There are 2 protein chains.
Amino acid sequence: MNDKKRILLVEDDPNFGIILRDFLKMNDYDIVLAKNGMEGFEKFKKYDFHLCILDVMMPYKDGFTLAGEIKEVNQDMPLIFLTAKSLKEDVLKGYKIGADDYLKKPFDSDVLLYKIKAILKRNKLISVLDTGEYEFKFSSFEFNSKLRHLKFKDNKHVKLSPKENMLLKMLILHKNDLMPRELALTRIWRDDNYFTSRSMDVYIAKLRKQLEIDPNVKINNIHGEGFRLVID
Amino acid sequence: MNDKKRILLVEDDPNFGIILRDFLKMNDYDIVLAKNGMEGFEKFKKYDFHLCILDVMMPYKDGFTLAGEIKEVNQDMPLIFLTAKSLKEDVLKGYKIGADDYLKKPFDSDVLLYKIKAILKRNKLISVLDTGEYEFKFSSFEFNSKLRHLKFKDNKHVKLSPKENMLLKMLILHKNDLMPRELALTRIWRDDNYFTSRSMDVYIAKLRKQLEIDPNVKINNIHGEGFRLVID
DNA sequence: CAATTAATTTAACCTATCGTTAACATATGT
DNA sequence: ACATATGTTAACGATAGGTTAAATTAATTG
């Protein structure tokens, strides 16, 4: 049952699709390739997948529409979008539908592999979290997201506000990796505009203050992209 | 002695069923496998289980129907549903019948183990609450929830009102952990609104006054979430 | 069944917490 | 250099919670 992970790949460019499929197969994934949105949805319904990788621009049915249909059936299906150009509008739309990540074409295949691995791992964590797992350890911290307590070594715990709590949790789920701004904004603030964005910056500052006691933990900014919780 | 937990597994796909059964057996559970709803219900009546794992889509009798029959016999039997696609309506239907959790196929075996553990643990808590254990000791207190008596060391006992009593019991059953506001309100006050919520705050204040004699016991608030009985 | 007492709810007032926004400072990419 | 993104602090308004007392309701008792 610890079989290969199954991935649905929907890509209209046949050359690129086949190359990508073979590359992923070589890396021990089970790939089903569909060459448009229609076929993608048919195959989605037919098999069980762990992850879907969708090209955004496709004839007949674009990636977003397909994503909507997929989410209709399975709300928690992890999604990666492949986009030629990354319009801000598109990125937002994607996150609202429930994208887990974005990849701008052309992309480095290793980056894709890394993201696939990260998402599958994260998703597993989240589905465990659903039944109430809520204790995290990182560096010298212990973080209890149910009680909203953050403890450093033997110090007394610090209380976190709901927003601080959610943001830290999201950073941890993406630890050592980019946590996209838009993701946090759409999931935690439920809206992405100038003010929510500034509000998030304020919360990042608050978290930094809580974490500064440990020199091995940092929250880095990736300009225009988001933040990264770095743990040495 | 044999204190393994007994699980009824109903799954129509024989390959998957057997693999899952063996996997769970390896993890120290006693498994009875049934290959359809009919057989599932027969076996359910024949043995005594701690938990049932039901595939939703099965021929003859689907998982929901079987769940209904099981709940008919045992209201409190914990259930986990396995579903290929998690349609929103199905999830809702499942929770209405009394599902404790959901697992979307394909799922990770570790996640299943986690959820089983969490449900069995949670259910133990609930059954303690219902089977009416009533003698509690914590820190230097003795609390009898049947007589509604609270005693500190060798002092004379103090009498508690019915609401004080239920609230304290609920806090103790969640000691050092969050007791959600909502839980106390729906269980004790049978309604969750502004006034019942304020009433509960009043009772928290009363309990705090009763407990303040012992410096090792505290009732902490977790803003927006609930209360926590802390025992050093 | 009226009187009394206990239990609970509601009101009032006050404090703590939380999230947003403004303001100003600094950093980054072009 | 410029526009834009981020860092940081403080102030404010909204809401949740803490506490006490009065009002209401339920239970008990003479």
Side-chain angles (χ1 to χ4, degrees), chain A residues 86 88 91-92 104 145 147-150 157-171 178-212 218-230, chain B residues 145 147-150 157-171 178-185 187-212 218-230:
Chain A
S86 74
K88 167 101 174 166
V91 174
L92 267 185
K104 275 156 267 181
S145 69
L147 300 177
R148 305 205 313 252
H149 285 172
L150 179 63
H157 68 252
V158 173
K159 288 190 263 184
L160 299 179
S161 87
K163 283 256 156 75
E164 290 172 306
N165 188 61
M166 287 189 272
L167 189 56
L168 180 55
K169 192 157 129 188
M170 192 165 273
L171 284 164
L178 171 68
M179 181 206 63
R181 259 192 121 74
E182 287 91 347
L183 181 68
L185 288 173
T186 51
R187 297 269 161 91
I188 300 178
W189 273 264
R190 320 216 138 264
D191 191 16
D192 180 342
N193 60 49
Y194 172 78
F195 294 110
T196 54
S197 192
R198 296 317 330 256
S199 187
M200 175 174 163
D201 290 332
V202 170
Y203 276 91
I204 290 289
K206 290 182 188 196
L207 284 182
R208 285 200 174 111
K209 198 167 276 178
Q210 301 291 355
L211 299 177
E212 73 188 354
K218 283 199 184 45
I219 298 176
N220 290 343
N221 174 253
I222 295 157
H223 198 87
E225 301 285 335
F227 294 93
R228 184 157 63 142
L229 180 72
V230 183
Chain B
S145 69
L147 301 173
R148 308 205 309 258
H149 284 174
L150 179 63
H157 69 253
V158 174
K159 282 183 269 188
L160 299 179
S161 86
K163 286 254 158 77
E164 289 173 305
N165 185 63
M166 286 189 273
L167 189 56
L168 179 55
K169 184 173 172 183
M170 194 166 272
L171 284 164
L178 171 68
M179 182 206 64
R181 261 194 118 74
E182 201 205 16
L183 181 69
L185 288 173
R187 281 265 177 90
I188 300 178
W189 273 263
R190 315 234 143 247
D191 190 16
D192 180 344
N193 61 47
Y194 172 78
F195 293 108
T196 54
S197 193
R198 294 320 326 260
S199 186
M200 175 174 163
D201 290 333
V202 170
Y203 276 91
I204 290 289
K206 291 181 189 204
L207 284 181
R208 284 200 175 113
K209 201 164 274 177
Q210 300 291 355
L211 299 177
E212 73 187 352
K218 277 186 195 50
I219 297 176
N220 289 345
N221 175 253
I222 294 163
H223 199 93
E225 299 288 336
F227 294 92
R228 175 171 175 250
L229 181 71
V230 183

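Naming convention: chains lettered A, B, ... in sequence-line order (proteins, then strands); numbering from 1 in each chain. Since this is a predicted model, take the numbers as computed values, not measurements. Computed over heavy atoms, backbone and side chain alike; hydrogens, waters and symmetry mates excluded.
Residues satisfying the salt bridge (charged side-chain N to carboxylate O under 4.0 Å, His left out) test with B/Glu212, not counting sequence neighbours, are none. Residues that satisfy the side-chain hydrogen bond (donor to acceptor under 3.5 Å, both in side chains) test with A/Arg228, not counting sequence neighbours, are absent from this structure. B/Glu182 is linked by a salt bridge (charged side-chain N to carboxylate O under 4.0 Å, His left out) to nothing, counting only residues two or more places apart in sequence or in another chain. Under the ring-ring contact (aromatic ring centres under 6.0 Å, His included) criterion, B/His223 pairs with no residue at all, not counting sequence neighbours. With sequence neighbours left out, the side-chain contact (heavy atoms from CB on, under 4.5 Å) criterion links A/Arg187 to A/Met170, A/Leu183. Partners of B/Arg198 according to the side-chain hydrogen bond (donor to acceptor under 3.5 Å, both in side chains) rule, which considers only residues two or more places apart in sequence or in another chain, are B/Asp201. Partners of B/Thr196 under the side-chain hydrogen bond (donor to acceptor under 3.5 Å, both in side chains) rule, at least two apart in sequence or in another chain, are B/Asn193.
Contact between the side-chain N/O atoms of A/Trp189 and the OP1/OP2 oxygens of C/dT20 is found at a separation under 4.0 Å.
Atom pair A/Lys218:NZ and D/dG7:P shows a separation of 14 Å (rounding to whole Å applied). If you measure from atom OH of A/Tyr194 to atom P of D/dT4, you get 12 Å, rounded to the nearest angstrom. Whole-Å rounding puts the B/Arg148 CZ to C/dA6 P distance at 12 Å. To the nearest angstrom, P of D/dT4 lies 17 Å from CG of A/Asn193.
Side chain of B/Asn220 to main chain of B/Leu229: no donor-acceptor pair is present (N/O by atom type, distance under 3.5 Å, no hydrogens or angles).
Annotation: the span from B/Leu160 atom CG to B/Lys206 atom NZ amounts to 11.0 Å, rounded to 0.5 Å.
A rotation axis mapping the C1' atoms of four pairs onto the next four is fitted at both ends of the helix from C/dC1-D/dG30 to C/dT30-D/dA1 over five pairs, and the angle between these axes is 30° to 10 degrees.
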Table please: side-chain donor-acceptor pairs of residues 162-169 of chain A below 3.5 Å, with sequence neighbours left out.
from, atom 1, to, atom 2, distance (Å)
A/Glu164, OE1, A/Ser161, N, 2.6
A/Glu164, OE1, A/Ser161, OG, 3.4
A/Asn165, ND2, A/Ser145, O, 3.1

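The pair A/Lys104-A/Glu225 counts as a salt bridge, with a side-chain nitrogen and a carboxylate oxygen less than 4.0 angstrom apart.
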List the protein contact pattern of nucleotides 11-22 of chain D with one symbol per nucleotide (5' to 3'): B for base contact, S for sugar-phosphate-only contact, - for none; contact means a heavy-atom distance under 4.0 Å. -----SBBBB--

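Against DNA chain C, the stretch residues 158-168 of chain B makes heavy-atom approaches under 4.0 Å through B/Ser161, B/Pro162, B/Lys163.
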